[in-house]
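Notes follow once the structure below has been shown.
The basis for the numbers below is simple: all heavy atoms, side chains too, and nothing from hydrogens, waters or symmetry mates. Each chain gets a letter, A, B and so on, in the order its sequence line appears, and its residues count up from 1.
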Amino acid sequence: MTATMEQRSPAESTKLASLPARLRALADSRPGDIALREKEFGIWQETTYQEFWHEVQAAGMALWQLGVRPGDKVAIHSENRKAWVIADLAAQAIQAVSVGLYATNPTAEVAYLLQHSEAKVLIAEDQEQVDKALEVESLPDLEKIIYVEPRGVRAYTDARLMSWSAFMGAGESALADDPHRVNGLVDTIDPEETATLVYTSGTTGAPKGAMLSHRNLTWASESAEDLIAAGGLPKGQPQLLSYLPLCHVFGRLYDVCGALAMGSCVNFAESIETVVADLAEIQPTYFPAPPRIWEKMHALVNIRMSDASLLKKAMYKVFLNTGMKSADRLLATGSRGFVGGIVHQIGYLAVFRSLQRKLGMQRCKQATSGAAPIAPEVIKFFLAIGIPLYEGWGMTETTALGTGNLPGSARLGTIGTPVNGDVQIRLGDDGEILIKSPGIFKGYFKNPEATAETIDEDGWMHTGDIAEYDDEFLRIVDRKKDIIITAGGKNVSPSEIENKLKVSPFIKEAMVIGDRRKYLTALIGIELDTVSNWAQRKGITFTTYRDLSEKPEVIELIQKQVDTANEYFARVETVKKFALIPKELDHEEGELTATQKLKRKVLVDRFSDLIEQMY
Amino acid sequence: MRGRPALFTRYEADSAMLPTITQRVWLAIGLVAVIGAAVWLPRDWLILIATAFIAAIGVIGLNLVTGYAGQVSLGHAFFLGVGAYAGAAFGGEATEKLVGMGLDVIFWLPLAGLTAGFIGAAIAPIAVRLRGLYLAFLTLGLVFLGEHIFREWESVTGGPGIGRKPGVLRLAGWRFDLDGQIAGYSVTREQQIYWLTLLVLIIMAFAAKNIVRSRIGRAFAAVRDRDIAAEVMGIDLTRYKVLAFGVSSFYAGVAGGLLFTVTGFVNTNSFNLLLSFTYIAMVVIGGAASITGSIMGAAFLTLLPRIIDGAGGVLPFLEVGSTGLLSTSQLERIVFGALIIGFLIFEPLGLNGIWMRLRNYWKAWPFSY
C-alpha cells in the first residue's frame, strides 16, 4: 500500500481530496476486503469496502432528502459503531459537517453542543441519547433525530424521531432514483471547507468546536499511514480495534483516517467494558491508547503476576529483568543487540508470547500512547515485555498529529520529533510549542477571538504546552496554564509528579496542588480494583469506596507509594501531604472531562475542605 | 480467523469442536498413533486395550445418565446383559436350542443397542418419579431381575453354566474374529477387533460429545443441578429423563454386544452387581460429566489388573507360587477400593479433573487465573 501511495499521480490525488473520496477509491480497488466488523450476538458481522461505500452513499442520500445541504451540521451522539462512521462519512460526502458527541456527555453538555453547533440532524445511538436530546427545550435548528437502537424508543411520539432502518431504507431508494448525486458531491468537495467539528473536551470553560477541513483530514490520513505503520506492515490486512471515542481526534486518526489510508479492517468494540475481551479476540495490528489504559494494563499484569504460582512468577521476574535491560538498549540504539535479542526471543517463547496474547497485543506492530502524558516507566515496561509502545503528541487543533517517538528514534520521557517534514515546530519565548503544519485547524466555530488567540498572524499555532529540547527530542514540561508557582517562587510541573504517582497500581487519580502555597500537596484517588484486591489479601474488611479510602492501612499504603514517587524529585517538588478523595471521579458529575481528564477548578472547589486541611 | 483464533465471524466456527489447526493436527497425530499401535502391540495387549475401548463405550453411556443427567444408576450391568444377549440373538448362529438370526455386525450391533435403549426408555418413567437413593435402589432391583431372567430364558441365554456364543463379528462375509489377509498383509484377529472397537468407540464418543454440548446435554445438566429449577425453565423432566435412560442404555447395549465377542463366550452370571459397581467406579475415577474422563476411567481400570500383575514379580510382599502376604487378585481388590476412596476424597473430578488442572495451568500461563 505504501508503494501505491507513492506512485499516485497528481491527477489521481485530487480525486482523493476528502475521506469519502478515499473510501470510494478503496471500494474500487479492493471491493471484497473487510472494512468493518461489528459484534452481534457473539459473532463479528462483516462489511466489505464495497458495501461500506454503498451504505455511505445511501446514508448521504437519506441526509440529502432530509434537507441537509453543504455546510449543514450533522451531530452523532453514540458509542463507536458502524453507524457512526457511516453517518460521519455520509455527512462529509454530501459536503455537510459532522459533529461528534461523547456518549457520556450529560444532558447539559448535549444541550450546549447541539445548540452551539446548530446541528440539523442528530444521529442518536439509543434511548439514553434520544432522551438527552428530547430534554433540551430550545433546539431551533434540529429537524430530525435518527435513533440507531429502536429498543425503548418505538413508543415515543416526538415528530422529529426516525429510526436508522427507516433512514437507510429511504436512502437506498433515493440512491436508486439518483445514483450519481453523492458521487458528484464528493467530486466537487472543496478541500478547504470544514469537514468535521471536533469539540475539545474543555478542562477549562465551555467546549470549543475546532473546525477541521477536508485537507486537514486527508493530510492526517496520509501522514498516519507512515506513522502508524512505523513498526512494520502485517502480512495480511491491518486490524484495528475501534474503542477510543470517535468524537476525539485520537480515535478518529486511527479508525477513520488511518484505516482509510491503509485499507484496514476496523473492528468495533462492543462497549467500553468489553474492551479487554475484544482486544484478546481482535489482536489489533496497531493500537492507540491513552495513558490510563496502559497504566491499567500495567497494573493488571502486576496484580495477576503477584497472584501467580512460584514457577510462573520466577520466570516472569527473570525475563522481565532481561527485558528491561534490553529495552534500554532498544531505546538508545533501536535494537536489542545480539545477545539481548536472543534472550528476548527466549523470554518471548517462555513468557511474553502468552502474556501478549492475554493482553491482546500479540500481533501488535505498533502501539501508541497519546492524548495525555504518560510515565516513562510504563512505556519501558511494555517495551520490556516486547510490545512496541511509543509516545506521540498532538492536539485536536493539529488534527491529532504533532510529534512522535518512533522505533529507532525514541527517547523516554519525550514526545519525540515532528512526525514528518510537513510539521514545523519552534519554541516560543516562554517555551511554548508553536507549530505549523497542513493539519492546523481552520479555527474555532463561532469563536473568532479564541481562534485569533491560538493562531497568530504568521500562521503559527500556540499549543499551550510548555516544552524544552532534549537534543532533538521535545520534552513537555506541562500545560502552560497548569504550571504551579509555589509561594517560594519555584516553578513546578504538576503533571510530571502526578504521572510518577500514577505509576503505582494503587493510584488512579492524582492532582498536585501548591499554587501560591508553601509546599506541594496532592489529592489522590485510589484504584478500586487493585486496592480492594490488596485489602482482601490483608484481611481488611470494607464496604464502599469511601470506606476503603478512609482505612488507616490504605492511607499507609498510599503514603508508601507517595514516598516512592517523592524519591525522584528535588525537595521543593515533593508531595508533603496528601488526602484521599472519598469518591470515584465521574464525567457525569463534572469532575472529569469526557476523555477522563481532571477538571482542576472543579476539584479544587469541591474538595476545598480536604485541601485546606493539608495547609 | 487465521492467526486470530478467538475472532469468530460465523457461528459454525464459534461452536467448532476443534477450532484451531493446531488442535486438528494434534488430534490427527494422536489418531494415527493409536491406530498404528496395533501393528506392534502383542496380541494379549491388543485384546486388553480393545476391552478398554468397549468398556469406554459403556462408561460413556453411564456417564450420560449419571454424570450429566444426575440420575444414579446401579443397573448398568442389566443393560450390558440385554445388549449382549440381543447381540447374540440377532448376530449369533442358531442351534436347536438357541435363537440366532446370524445378521451382519452392522445390523446386530445397532439392534443390540436399540433393544437395550428401548428397555431403558420403558423403565425410565418409573425412574422419573424417584430421586437419589430411591432411584439407586430401583436400578439395583433391575440387576437382580435381570440375573433371574438371564438364568431362566434358556432359548436366548443358554442357561446358567452353559451360556452361549455372542454375536459374530461378520460383515458381508468378512470375519473380523478370524486371522485374515487385507491387500496382501496378514492381519490377526486381535488387530481387527482392536480397530473395529476403536472405530465404534470413536463414533460413539463423537456422538456423545455432540449430545452433551447440544440443547439436550444442557437440559441434562439442568435436570442434574436442580430438577425443579429445570422444570420452571420449561424443561420437560419426563422427556429428558426418559431420553437420558434411553441413550445411556443404548450405549450399554452396544458395549454389551461387543464385550463378549472378545472372549467369545457369554455366561449368564456375568451381569451382576459387581459389574455395575465397576462401571460406577470407572465413572468416578475417570470423572463424572466428562466424555474424555469416561475413556480415561475405562482404560485405567481395565488396564489396572494387568499392571498389578506385572508388579507381581517386583513387589516383595506379593505371593509368588504359594508364599507371600497377598495374592495379586487380593492386591487388585485392595487397590481398587483404595482408588475409589482416594478419588472421592482428593480428586472428585477424577482423572479428567487432573487433566483439566494441568491444562488450565498452561492455558493461564503466565498468570494463574
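When heavy atoms are compared at a cutoff of 4.5 Å, B/Ala364 approaches chain A by way of both its backbone and its side chain. Looking at A/Gln362, there are no atoms closer than 4.5 Å to chain B (heavy atoms on both sides), in backbone or side chain. Contact annotation for A/Gln45: neither backbone nor side-chain heavy atoms come within less than 4.5 Å of a heavy atom of chain B. At a 4.5 Å heavy-atom cutoff, the contact between A/Lys358 and chain B is made by side-chain atoms alone.
Contact count against chain B (heavy-atom pairs under 4.5 Å) is highest for A/Asp307 among A/Val351, A/Asp307, A/Leu311.
Nearest heavy atom pair, residue A/Ser354 against residue B/Pro366, reads OG-CD, 3.8 Å. Of all non-hydrogen atoms in B/Ser368 and A/Ala308, the two that sit nearest each other are OG-CA, 3.1 Å. Nearest heavy-atom pair, A/Phe41 versus B/Tyr11, reported as atom, atom and distance to 0.1 Å: O-OH, 2.7 Å. Between B/Asp14 and A/Gly42, the shortest heavy-atom distance links the atoms OD2-O, 4.3 Å.
Residue B/Arg213 places its CZ atom among more than 12 non-hydrogen atoms of other residues, nucleotides or ligands, all under 6.0 Å distant. The environment of A/Arg537 atom CZ is dense: over 12 non-hydrogen atoms of other residues, nucleotides or ligands sit within 6.0 angstrom. Applying the 6.0 Å contact sphere to CZ of B/Arg24 captures more than 12 heavy atoms from other residues, nucleotides or ligands. At most 12 heavy atoms of other shown residues, nucleotides or ligands fall within 6.0 angstrom of atom CZ in B/Arg239. More than 12 heavy-atom neighbours from other residues, nucleotides or ligands sit within 6.0 angstrom of CH2 on B/Trp45. Under a cut-off of 6.0 angstrom, the local environment of CD in A/Gln237 is crowded, with over 12 non-hydrogen atoms contributed by other residues, nucleotides or ligands. The number of heavy-atom neighbours closer than 6.0 Å to CG of A/Leu310, taken from other residues, nucleotides and ligands shown, is 12 or below. Heavy-atom neighbours of A/Lys325 NZ from other residues, nucleotides or ligands within 6.0 Å: at or below the threshold of 12.
Without hydrogens or angle criteria, B/Arg4 side chain to A/Glu281 main chain gives no donor-acceptor distance under 3.5 Å.
Proximity of B/Thr9 to A/Arg37: side-chain heavy atoms (C-beta onward) are separated by under 4.5 Å at one or more points. Side-chain atoms of A/Arg353 and B/Trp365, non-hydrogen and from C-beta on, never get closer than 4.5 Å to each other.
Rounding to the nearest 0.5 Å gives a distance of 10.0 Å between CZ of B/Arg10 and CD of A/Glu46.
Both tests hold for A/Lys312 against B/Tyr361: distance to the six-membered ring centre under 6.0 Å, angle to the ring axis within 45°.
Under the salt bridge (Lys or Arg N to Asp or Glu O under 4.0 Å) criterion, B/Glu347 pairs with B/Arg357, sequence neighbours left out.
Applying a 4.5 Å heavy-atom cutoff, the residues of residues 343-350 of chain A that approach chain B are A/Ala350.
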